There are 2 protein chains.
Amino acid sequence: MMPSPTRNPVTASEPDPSRRNNLALLTSLVHHNGVLSRAQLTKRTGLNRSTVGALIGQLVNLEVVYEAAPSGEAQVGRPSPIVHPRPSIAALAVNPEIDAVTIGLVGLGGKVQKKIRFDTERIPTAKEAVNIAAAVIEGMRSELDTSYRVMGVGIAVPGLVNRDDGVVRHAPHLGWRDEPVARMLGEATGYPCHAANDASLGAEGELLFGAGAGQKNLIFLNGGASGIGGGIIADGELLRGTSGYAGELGHTFVRSSGKPCHCGATGCLETEVSQSPLFELAGIGGGDAGELEQALRQNSSEAVDTEVARQLEYLGIALRNAVNTFNPEAIVLDGFLGILHALSPGTLVSSLQSQAMDGPAGQVKIYRAALGSDLMMIGAAELAFTQFLADPAGALAALPLSKVDYVH
Amino acid sequence: MMPSPTRNPVTASEPDPSRRNNLALLTSLVHHNGVLSRAQLTKRTGLNRSTVGALIGQLVNLEVVYEAAPSGEAQVGRPSPIVHPRPSIAALAVNPEIDAVTIGLVGLGGKVQKKIRFDTERIPTAKEAVNIAAAVIEGMRSELDTSYRVMGVGIAVPGLVNRDDGVVRHAPHLGWRDEPVARMLGEATGYPCHAANDASLGAEGELLFGAGAGQKNLIFLNGGASGIGGGIIADGELLRGTSGYAGELGHTFVRSSGKPCHCGATGCLETEVSQSPLFELAGIGGGDAGELEQALRQNSSEAVDTEVARQLEYLGIALRNAVNTFNPEAIVLDGFLGILHALSPGTLVSSLQSQAMDGPAGQVKIYRAALGSDLMMIGAAELAFTQFLADPAGALAALPLSKVDYVH
DNA sequence: GGAGTTTGTTTCGCTATCCAACATATTACG
DNA sequence: CGTAATATGTTGGATAGCGAAACAAACTCC
């Protein structure tokens, strides 16, 4: 009576890809779940003990993971060694914003090893952002060459990015248009570079390492100085669309005869819900999300409450649409959207209950993002890890020879 | 520089599933593409000639497909036999509507073998619909037993359906609530039954056999007497959501202080855009989409133009949202939405160009649905075929013994 | 300290695939 | 009309990767 969970296959499974596939599966599990015992890996994969043993052995040889003593947890039976990802396998992350370019180094396992924020006097051009990133990476070069194996660079851009070719189609707040940033940074650094929308990467980051862990369907919304970005995870996979532009929930229609938006339409979520009036009411000129929340809580007033309620109403409309459309398990809010929700926790939930359709709205949970300022680094690095995770042995074999003197 | 097309695996590929997988792959290819030569199959699957030969041999033995003489097309080299799906492998389709219950029989390959529309005096209850379907199927029983191997029954319901357990959560226009229709029909007929939202199934039908053939990302919108339903194909897969409720684009917000909708919200697409005012303006009381289109074209007037323009405006807002969110290659419109588009072909395209964001809107094509009245039968049957297509040999082995006397 | 339990390890066999060589059926061309 | 070229089906190994089973190891429970 129940439909089978199996999917109709679209690709043939050849024997060679079979091993690669399982190697990739184990690598991803270790990377995303951090610490798992071999016994847990056999359960999670459904593979035989002996097979997992052989595969882990290969990953140990490749120095992708290492096995450590079993955890102290008292359990009947022979203890199973713990498999750890080696953070010396790493990816670089770059995140240009309107007032800074942040560069990070993230190890396998998702831990941020290093983060450098380079403040800019004015909004950086694509070329400037690439130059800054390349210079900072050049500064780390000797350390990278000796202690890490870098799988590539991921660039998180607040705007429409074609994920296939790494071209920023349009980043309105940065003023970029048709900038092939991935190619530019690739030529400058020599690393394979990929670019994608920042909120999409944020969604993946929160899915894998943050508030959305374990979910299969979730909506991520980030509110920042550069407007509202969205990323959607459907059935465990990021929704990309034809060119990787999917997820622009900031331009959901929420108001008839609303203000015109830079995108050409009117009544977009992004024009009705923004952080600048909140900063004004909070009485501070600028700053990060943490300062804004503190200031809003201290300067509580009717004006603040009214503005928060107004913004939450429009946010509720956008979320209602999204819930009806995606039937997600969870919604994760980051940036000032997370603050709005935290200031009036029940509002969004109850407006969804009354406005969205019974079925989809029933189970939705609303969370605040968990990874904070590391999120973009982790998400962007994930982009750079993609190829490696799909074929660990192949990616390492293709790696240029380096003087890596592994950090143990 | 380009991201690899390989995805991170989520399931282990064991050796046994490997054969099953490839068998399933071939079966799906033959089913969905109809007629392919063995040479084409080897190219499409990437498998070895000898492997495809062995697999096809097994499918021939299982009487899932048969091989026929090569097509007359003049080509260098030894001609390759054509592989045909056997329509004797079949699925039943049931589609309850407010004024009828339609039952169909669809063969492997997607051809509707039989379609019976049972008109009802009034809106059928779930029990009535199940009884009607069971009775019609009972009438076909001897033919089914002798000439077909029926893989199951798919039920296409205009409403929220939990695909996992086949329970209709809420079908507002039918007045159903929490009806376990799949279980009910399963008990009445003895066939494995599944249920899903009609528009979702329509999307899959058009994707596989109709206007969306070959696309990976498309949005399907159906306008009928029971409002507006939607189905979304993302990356080649139907978007299901947590419980299979995803795709309710009929409840996209399109108007502030709009009319209240039965769903609890206001300003839904479905309340602003509906076919009843069109029928009134056309001067006909009721009928199907074909009659409506003809009548509207004949009774052309300013009132008609105004109403069409008004509805297209709201439809445009909903599509703008959907395009920004999904970045699809194509939009497929069925029912009266297809008529609206056909009456004023450029309107939607140009409103998308001006309102949706540059990137996503750039390439979107808008089509009218191609499968017409067979669509629901094909979509629902596809639901019933799912298990079979995922594991043809296993599904046939599990089939109760029958007196099938195959029709060749 | 022995029984029971869980897990790592090793060996063996099986399955499904690819590869290579050969057979077959067609077109191209003189 | 016959031979070359081409594409495809067919057959018989060879191989890779996994599972099963038997055994060994390490722990808890009593």
Side-chain angles (χ1 to χ4, degrees), chain A residues 9 11-27 35-62 65-84 391-394, chain B residues 9 11-27 35-62 65-84 391-394:
Chain A
T11 43
S13 46
E14 305 138 54
D16 188 26
S18 172
R19 186 181 90 248
R20 188 189 312 170
N21 186 29
N22 289 339
L23 218 51
L25 174 59
L26 281 179
T27 310
V35 177
L36 287 169
S37 72
R38 255 164 83 165
Q40 287 173 302
L41 286 171
T42 62
K43 283 200 190 87
R44 292 280 283 265
T45 57
L47 295 169
N48 192 284
R49 283 210 297 273
S50 54
T51 310
V52 172
L55 291 166
I56 293 289
Q58 190 175 351
L59 289 178
V60 169
N61 276 337
L62 290 168
V65 303
Y66 61 93
E67 287 184 302
S71 72
E73 281 176 39
Q75 258 194 321
V76 184
R78 176 172 175 174
S80 195
I82 304 293
V83 181
H84 292 268
D391 179 13
Chain B
T11 45
S13 47
E14 304 138 52
D16 188 27
S18 173
R19 183 182 93 248
R20 187 191 311 169
N21 185 29
N22 288 339
L23 217 52
L25 174 60
L26 282 179
T27 311
V35 177
L36 288 168
S37 72
R38 252 164 84 163
Q40 288 173 302
L41 286 172
T42 62
K43 283 202 189 86
R44 292 280 283 265
T45 58
L47 294 170
N48 193 284
R49 283 211 300 272
S50 51
T51 309
V52 172
L55 290 167
I56 293 289
Q58 190 176 350
L59 289 178
V60 169
N61 276 337
L62 289 168
V65 303
Y66 62 92
E67 289 185 300
S71 71
E73 282 176 36
Q75 259 195 318
V76 184
R78 176 173 174 173
S80 194
I82 304 292
V83 182
H84 293 268
D391 179 12

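Quick caveat: nothing in here was measured; it's all calculated off a predicted structure. Every chain is numbered from 1, with letters handed out A, B, ... down the list of sequences.
Comparing C/dC19, C/dG8, D/dG9 against the side chain of A/Arg49 picks out C/dG8 as the nearest. Ranking D/dT8, D/dA20, C/dT17 by closeness to the B/Lys43 side chain, first place goes to D/dT8. For B/Asn48, the listed nucleotide lying nearest its side chain is C/dC18; candidates were C/dT7, D/dT6, C/dC18. Distance from the side chain of B/Pro79 is smallest to C/dT26 among D/dT10, C/dT26, D/dC18. Checking D/dC18, D/dG9, C/dT10 against every side-chain atom of A/Ser50, the shortest atom distance belongs to C/dT10.
Across the protein-nucleic acid pair, A/Leu41 atom CG and C/dT6 atom P stand 18 Å apart, rounded to whole Å. Atoms CG (B/Asn21) and P (C/dT15) sit 18 Å apart, rounded to a whole Å. Distance A/Ile56 CD1 to C/dT7 P: 15 Å, rounded to the nearest Å. Between the C1' atom of D/dA25 and the CZ atom of A/Arg38 lies a distance of 13 Å, rounded to the nearest Å. For A/Leu36 and C/dT7, the CG to C1' distance is 16 Å, given to the nearest whole Å. Computed from coordinates, the A/Ile82 CD1 to C/dG8 P distance equals 10 Å when rounded to whole Å.
Using a 4.0 Å cut-off, some side-chain N or O of B/Ser80 falls inside it from OP1 or OP2 of D/dG9. Here B/Thr51 reaches the OP1 or OP2 of C/dC18: one of its side-chain N or O atoms lies under 4.0 Å away.
Between A/Thr27 and A/Pro392, the closest heavy-atom pair is OG1-CG, 3.2 Å. Residues B/Ile82 and B/Ala69 approach most closely at CG1-O, 3.6 Å, considering heavy atoms. A/Ala39 and A/Ser80 get closest at one heavy-atom pair: N-OG, 2.9 Å. Contact record, B/Arg49 with B/Thr42: CA-CG2, 3.9 Å, taken as the closest heavy-atom pair.
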- Full working for side chain to side chain contact (heavy atoms under 4.5 Å, CB included) between A/Thr45 and A/Asn22: CA-CA 8 Å; A/Thr45 57; A/Asn22 289 339; over 6 Å; no
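Remark on DNA chain C: of its neighbouring residues B/Arg78 and A/Gln40, the 5'-side contact belongs to A/Gln40, judged by nearest-heavy-atom nucleotide. Residues A/Gly77 and B/Pro81 each lie close to DNA chain D; by heavy-atom proximity, the contact nearer the 5' end of the strand is made by B/Pro81. Toward the 5′ end of DNA chain C lies the nearest nucleotide of B/Leu55, the other residue of the pair B/Leu55 and B/Gln75 mapping further downstream.
With hydrogens and angles ignored, no donor-acceptor pair closer than 3.5 Å exists between the side chain of A/Ser18 and the base of D/dC18.
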